[in-house]
Every structure is written in structure tokens, then in C-alpha cells.
Number of protein chains: 2
Amino acid sequence: MVVDQLRETELDRLFQAFADSTRRDIVRRVTGGEYSVSGLAALYAMSFAAVQKHVAVLERASLITKEKRGREQIVRGDHEGLQKARRLLDEYEQIWRQRAARMADILAEG
Amino acid sequence: MVVDQLRETELDRLFQAFADSTRRDIVRRVTGGEYSVSGLAALYAMSFAAVQKHVAVLERASLITKEKRGREQIVRGDHEGLQKARRLLDEYEQIWRQRAARMADILAEG
DNA sequence: CTGATCTACAACCATTTGGTTGTACAATAT
DNA sequence: ATATTGTACAACCAAATGGTTGTAGATCAG
């Protein structure tokens, strides 16, 4: 089948990125303001390197962007990734509602 | 911190479940109609056992339900899981919009 | 210049994931 | 009664994940 392979792996990365509570927290933080990588690292009970990896996962998933400023790397939320995820879930929701409507029709007729 | 540990692992499972294209396809299918596990397995180029595992992952994530009918196991979509995921992404979207609005204000003042 | 800070990246480890094959059992069909 | 079908589950394997420590290069402060 190979339906839209590019988009599929993109979605794999997107949802994989969300599948970790530390990463979800990072997204929440950087969506609300600016943080350096070490600024983020200070928030969690794990090594700097571990947080660095989480940030990398989020970056690959297009959920955040990094920008170098002096010796720091500033992390910001990337709105596009979020929109994409929401859009997909909207699709599912849509399909489900249609099915629910069909079921209601059948019950009404019977 | 340990914020709402139950909900966090729930979300871990939810997004983890979405992070695989086969599983996303299964969700689409069973949201649009009824399938047995073997009916689903026939659709993919992998073993029955592999599909069985995917279904188990989706079940643990509350994205589908199984119901025994004769010797078959009927798989259906579970609306609640989908709603939960959408709600979370809505939260992020909300935060982002607020931030975007603040930025616009600052630019207008400057 | 020197030392502290921020980042990047490699190597390593335990656990999980996504797949396989094989076995066993219940339900249906012949 | 027997064969087929649908499911469950265990054992196994390679690769990915989430963490660690250690090393090294930039940038900034004193």
C-alpha cells in the first residue's frame, strides 16, 4: 500500500515525541515562554544529556525549534507540529461522529 | 513534583499507541466499522500475532475495545480515548494562541 | 589567561518495542 | 469425529528508547 510514506513517518515521530511525560512538559514550558536547554535541564531530576536527548526528539518531530544565542541554545515551541497532530485527531473524531450518526439513523428507522 | 501520575501514564500509552502507522490504520478502520482480529490481520503484511499485539496496545490505551462473538473477537473504536488526546492537544493550542496574542500586543505597543 | 558555563556527542547499559515462529485450545464447519 | 478457523500466549531476536558517565569545544566572566 505505502500510503503517503513521508507523512506517516512524520506522524510516527510526532506521536512518539508526545509519548513521554517529560517531553510533554517541555512542550508546555517552551510554548509558554523561552528556555535554554540547561534552563530546561534544571527542571528535571535527570542528567543534562538526558534532557538534551528529549529536546532532540522534539526537534526532529517539529514540535520545537532551537536557536543559538551566545553560548546558549534557546528552545521555542513550533506551532506547526501541534496543528498537524490536532488535525489528524480531528479526522478520527470526524469519522467517529459520522458513524455515530449512521447508527442513530438505523435505530430511528427500526 | 509527580503531577497526576495516573493521567500521565495514561497519556504515555495513548500517544505511544498512535506512534505507529499500522496502529493508526487500525484505529481508522475500526472507527469506521467492525473488524475481527483476523479480519484486521488479513489487511497487513505481517503475522497474525503481530497484529494481535498492535490490537493489545490499542486496547491498553483505551482506543479500542474487544468483544467476543462466537470464536471471533470483534474490535471497535473507543471514542473516549480519542477525545482525551484531542483535549490535551487543545490545551497546548490554547497556550500557544495566548502567547501569540501577547506577542502581537507587544509589537503593537512598540 | 583562567576558570566556569553551556552545549554536543560518544559509549555504554537495561528495558521496551515490533516483529517472528511454535504450541495450545475453543468454536465452527464438513 | 475430524478438520479448519480464530484466538491466546510463550519464547526468541534485532533494533529503538531512555537513561547514565565521560570527553571536548565554545562562549562568557573575573
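This structure is a prediction, so every number in the text was calculated from the model and none was measured. Residue numbers start from 1 in every chain, and the chains themselves are labelled A, B, ... in the order their sequence lines are given, proteins ahead of strands.
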Interatomic distance where CZ belongs to F18(A) and P belongs to dT17(D) [whole Å]: 17 Å
dA8(D) OP1/OP2 closer than 4.0 Å to side-chain N/O of K66(B): yes
Sugar-phosphate only, base, or nothing, as touched by A41(A) at under 4.0 Å among non-hydrogen atoms: nothing
Distance, rounded to the nearest Å, where R13(A) contributes CZ and dT17(D) contributes P: 10 Å
From OG1 (T31(A)) to CG (D78(A)), nearest 0.5 Å: 9.5 Å
Sugar-phosphate, base or nothing in reach of R23(A), heavy atoms under 4.0 Å: sugar-phosphate
N or O in side chain of Q73(A) less than 4.0 angstrom from dC6(C) OP1/OP2: no
Upstream residue (5' side of DNA chain C) when Q16(A) and S36(A) are each assigned their closest nucleotide: S36(A)
Carboxylate-amine/guanidinium contact E8(A) R24(B), below 4.0 Å: yes
Nearest-Å distance for atom pair CZ/C1', residues F48(B) and dT4(D): 14 Å
Any K53(A) side-chain N or O less than 4.0 Å from OP1/OP2 of dA16(D): no
Pairing of R87(B) and D90(B) as salt bridge, 4.0 angstrom limit: no
Atom-to-atom span, CE of M46(A) to P of dA14(C) - whole angstrom: 20 Å
From CA spacing to verdict: side chain to side chain contact (heavy atoms under 4.5 Å, CB included), E34(A), E67(A): CA-CA 11 Å; E34(A) 279 185 5; E67(A) 188 195 348; over 6 Å; no
Residues R28(A), D25(A); criterion salt bridge (charged side-chain N to carboxylate O under 4.0 Å, His left out); working and verdict: CA-CA 5 Å; R28(A) 263 179 240 118; D25(A) 194 64; 3.2 Å; yes
Any Q52(B) side-chain nitrogen or oxygen under 4.0 Å from OP1 or OP2 of dA8(D): yes
Residue-phosphate contact under 4.0 Å: S38(A) side-chain N/O, dT7(C) OP1/OP2: yes
Spacing of L40(B) atom CG relative to dG6(D) atom C1', expressed in whole Å: 13 Å
Length of the line joining K68(B):NZ and dA8(D):P, which is rounded to integer Å: 7 Å
Sugar-phosphate only, base, or nothing, as touched by T22(B) at under 4.0 Å among non-hydrogen atoms: nothing
Touch class at under 4.0 angstrom, heavy-atom based, for S47(A) against every strand present: base
Spacing of E72(B) atom CD relative to dT4(D) atom P, expressed in whole Å: 18 Å
Given DNA chain D, 5'-ward residue of the pair D20(A) and R69(A), judged by closest heavy atom: D20(A)
Phosphate-side-chain proximity, H54(A) and dG19(D), N/O vs OP1/OP2 below 4.0 Å: yes
Base of dT7(C) paired with side chain of R71(A) (donor-acceptor, under 3.5 Å): no
